[in-house]
Amino acid sequence: MVNKPWKIIPRPLLETVLNNHAQHHRVPQPLILHGPRGVGKTTLILERLLGEWNKGPHLTGYVDFAESIKDHHPQFNQSFPWASWYNCPPPTLLNCRTKLENCLESMAHKGVQLGSISSHQIFSTLSKWHGLNTALRCVISGNGASKNAVSEKVSGSVLWDRAVFALSARCNVQEIDGILGLTEKKKNVPLEEASYYREAVVALRLAKEVIKQQQSWRANAIAHLNRTGGFSRSLANSITDWPCLLLELLSQAAEIDHFQPKLVINNVEVLKNAILLDENSSVCGSMYHDSLIWRIIALGANERCFPVVLVTSDSYYSYQAYMDFGFPDIFISREAFGWSPQEAKLHMVTDYFSNSEWSMIAEVFGPNPRHLFELYALKQANYYQQLEDNKDSTFEDIVDSYLAYLQITVVNPAMDKALGLLQKFAADARSGKISKDRLRFGAPWRHPPPKNDPTMCLEWAKIQLMDFVQSLINTEFGINYLADCSLEIMDDPSAGALVEVGLLYAQRDPSIIRPISRGIQRCIVRWLVQERMQMSFPKFLQYKWQRIMRGRSYRHLMLQVGYK
């Protein structure tokens, strides 16, 4: 098997690029840090940088949407899934929204403490995008007073001041002082200055109340949108008004060497699949995700936004997201592939593994950092100590055990998910939801079962998936999806299914679809061998007929930068 020279950005260079981006107080584009699972985007890069990004004038908000998935997050003594978050129970959209809004609100409070965000600035920014008079009158009137208590001729700025005064009377002063740190004994702030800060905090609450009031007026329209499955950019934007207002306020307040905020959103792909529980309160997760990113892009392009870094292991963000949101350079793209073999050997050999052990690891698993850490943990476990007592056992037994663990807990369940996606494709093709162009003449997947028979659909899906895995093996586990500019591989439902469940990764540069690691690659081959061995003779003939008559062949897409 030929080992292809995957393009790897050295980690120190990648950290330098991220640092340079974060040092600016405002930038025209968000940055996407993407790469396969297990390469250390969070543990080896972000955790090292976040400390530096919170020193001096720098303030970094960190939001991890996957924290809501308690069974698969280190925050709850669990580990990230090897495959896609698609295979895990999705969190609620409300939970994700709350995490993002709380983070941005705490950053805005820090801006208020530094005197960078004022009540007047909040009013000016809010009034650019919203008609405020009716909502402000509602806030001023409260629960029992008449709406006509304020004259119709009063200007918007006067209404704002009256609303701030009315809301401040209902707020807990001690709570506001706690937010501003005014309750600390060592902090002696003049009365006028403290009042100025308190007014800004109340103004933030008023802005949130105004936006919440306007959202309530759209509740029926949003419920209708969710029931019909339609799309409305204005309704989607109304749900992201509050976080985007905070983004704009923080961007305006950003100042070099005084207040330099930045935002890191980890596992941003989780937001797309978040569950909507109340159809009156919000649009669906995917629409919320698209609206939020659209508005971050617009803010950066029109007025410049403080640095926003999106971190993801979903290969949708390596190429397809750029096309969906406009053009190939709409985001700053930085792709991480972890350690090179030389870097991994430098870090791991002699301190963690012997030279002989490293040779075996490099051959079977490659330099993927997560594989190395998990293998070392297994080596140190009591199970390994028990094996050492047996003179016949070797380090190879540990490698075999770890491969079996990956096969049973990662690859086989992910393959079952992929089969489910292929069965869904067959159902969609029968109902006419798949375009005729995708079912063109000669396509190996052109003839799904004509009947809604679960057994036939499963058998068809399994043959399709086995056919694709065999074609992937024939291309030496690397398919260049932009090689002939046709994107034909993107039409293949089997390729899409394996990318969606997270076993394959569609990298950006060079544009190659490949397994996320060499260890996962071996397990995919094992799955194919196991399925072939378990096939009955008639099913095996069907598979061979598929391979000979309709089989996939992607060898012409093996082209790569530097290859002729």
Side-chain angles (χ1 to χ4, degrees), residues 315 319-320 411-412 414-506 511-515 521 524-559:
S315 54
Y319 175 77
Q320 188 59 43
V411 174
N412 287 353
M415 287 303 225
D416 291 339
K417 287 277 187 182
L419 289 173
L421 291 173
L422 286 172
Q423 292 176 74
K424 182 178 181 299
F425 175 86
D428 290 344
R430 280 195 306 272
S431 61
K433 295 180 181 178
I434 305 298
S435 66
K436 292 182 179 179
D437 183 61
R438 197 173 177 189
L439 298 172
R440 61 188 176 275
F441 179 79
W445 53 89
R446 186 172 184 241
H447 298 286
K451 298 179 181 179
N452 187 17
D453 185 340
T455 303
M456 288 178 63
C457 284
L458 178 60
E459 292 172 355
W460 177 84
K462 188 168 291 189
I463 288 174
Q464 289 293 318
L465 199 55
M466 292 172 66
D467 181 32
F468 176 79
V469 171
Q470 184 61 61
S471 70
L472 187 65
I473 294 170
N474 293 345
T475 60
E476 300 170 5
F477 294 98
I479 299 173
N480 193 324
Y481 57 89
L482 292 181
D484 62 352
C485 300
S486 71
L487 295 175
E488 65 171 284
I489 187 69
M490 299 301 189
D491 287 339
D492 192 331
S494 298
L498 288 181
V499 168
E500 186 169 341
V501 299
L503 296 183
L504 299 186
Y505 183 78
S511 53
I512 289 174
I513 294 177
R514 64 176 178 90
Q521 172 181 306
I524 292 174
V525 176
R526 284 184 168 195
W527 177 87
L528 176 64
V529 172
Q530 183 181 13
E531 291 298 327
R532 289 182 60 173
M533 290 175 63
Q534 292 176 350
M535 272 186 160
S536 63
F537 184 70
K539 301 303 177 192
F540 180 74
L541 286 180
Q542 286 184 19
Y543 166 69
K544 294 303 290 184
W545 187 90
Q546 169 77 20
R547 284 295 303 154
I548 295 169
M549 303 301 294
R550 294 179 181 165
R552 295 161 171 82
S553 178
Y554 292 126
R555 288 187 63 84
H556 63 294
L557 299 179
M558 292 173 64
L559 297 175

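Basis for what follows: all heavy atoms, side chains included, without hydrogens, waters or symmetry-related copies. Numbering of residues begins at 1 and proceeds along the displayed sequence.
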Can you list everything that forms a side chain to side chain contact (heavy atoms under 4.5 Å, CB included) with S511? Sequence neighbours excluded, please. N480, Y481, L482

Which heavy atom of P449 sits nearest a heavy atom of M456, and at what distance? CG-O, 3.8 Å

Derivation and outcome, side-chain contact (heavy atoms from CB on, under 4.5 Å), residues L557 and T475: CA-CA 8 Å; L557 299 179; T475 60; over 6 Å; no

Measure the CD1-CG distance between I479 and L472 for me, rounded to the nearest 0.5 Å. 5.0 Å

With heavy-atom distances below 4.5 Å as the criterion, would you say the side chains of M415 and V501 are in contact? no

N/O donor-acceptor pair under 3.5 Å between R514 side chain and G478 backbone: no

Check step by step if side-chain contact (heavy atoms from CB on, under 4.5 Å) holds for H447 and R550. CA-CA 10 Å; H447 298 286; R550 294 179 181 165; 3.2 Å; yes

Regarding N474 and R555, do their side chains bring together a donor and an acceptor under 3.5 Å, going by distance alone? no

In this structure, CG of L503 is separated from CD1 of I524 (nearest 0.5 Å) by 5.0 Å

Are L421 and P493 side-chain neighbours, meaning at least one heavy-atom pair lies under 4.5 Å? no

Once rounded to the nearest 0.5 Å, what's the spacing between atom OH of Y543 and atom CE of M535? 7.5 Å

Could you tell me how the ring of F425 sits relative to the ring of W460: parallel (under 30°), tilted (30 to 60°) or perpendicular (over 60°)? parallel

What are the two closest heavy atoms between L504 and F468, and how far apart are they? CD1-CE2, 3.7 Å

From CD (E531) to CG (L465), nearest 0.5 Å: 8.5 Å

Where do R438 and A443 come nearest, in terms of heavy atoms and distance? O-CB, 4.3 Å

With sequence neighbours excluded, give me every salt bridge (Lys or Arg N to Asp or Glu O under 4.0 Å) pair touching residues 414-425. K424-D428

Consider only side-chain N and O atoms of Q464 and R552, and report whether a donor and an acceptor are under 3.5 Å apart. yes

Taking every non-hydrogen atom, the tightest pair across I513 and A506: CG1-CB, 3.8 Å

Residue that, paired with D467, satisfies salt bridge (charged side-chain N to carboxylate O under 4.0 Å, His left out) out of K462, R547, R532, K544: R547

Shortest non-hydrogen contact between V499 and S315, atoms and distance: CG1-OG, 3.1 Å

Tightest non-hydrogen contact, residues C457 and K451, listed as SG-O, 4.3 Å

Taking atom CE of M466 and atom CD of Q546, what is their separation to the nearest 0.5 Å? 10.5 Å

Going through the distances and angles, do L541 and W545 end up as a side-chain contact (heavy atoms from CB on, under 4.5 Å)? CA-CA 6 Å; L541 286 180; W545 187 90; over 6 Å; no

Nearest 0.5 Å please: distance from the CH2 atom of W445 over to the CZ atom of R440. 5.5 Å

So, R446 side chain and L439 main chain: donor-acceptor pair closer than 3.5 Å or not? yes

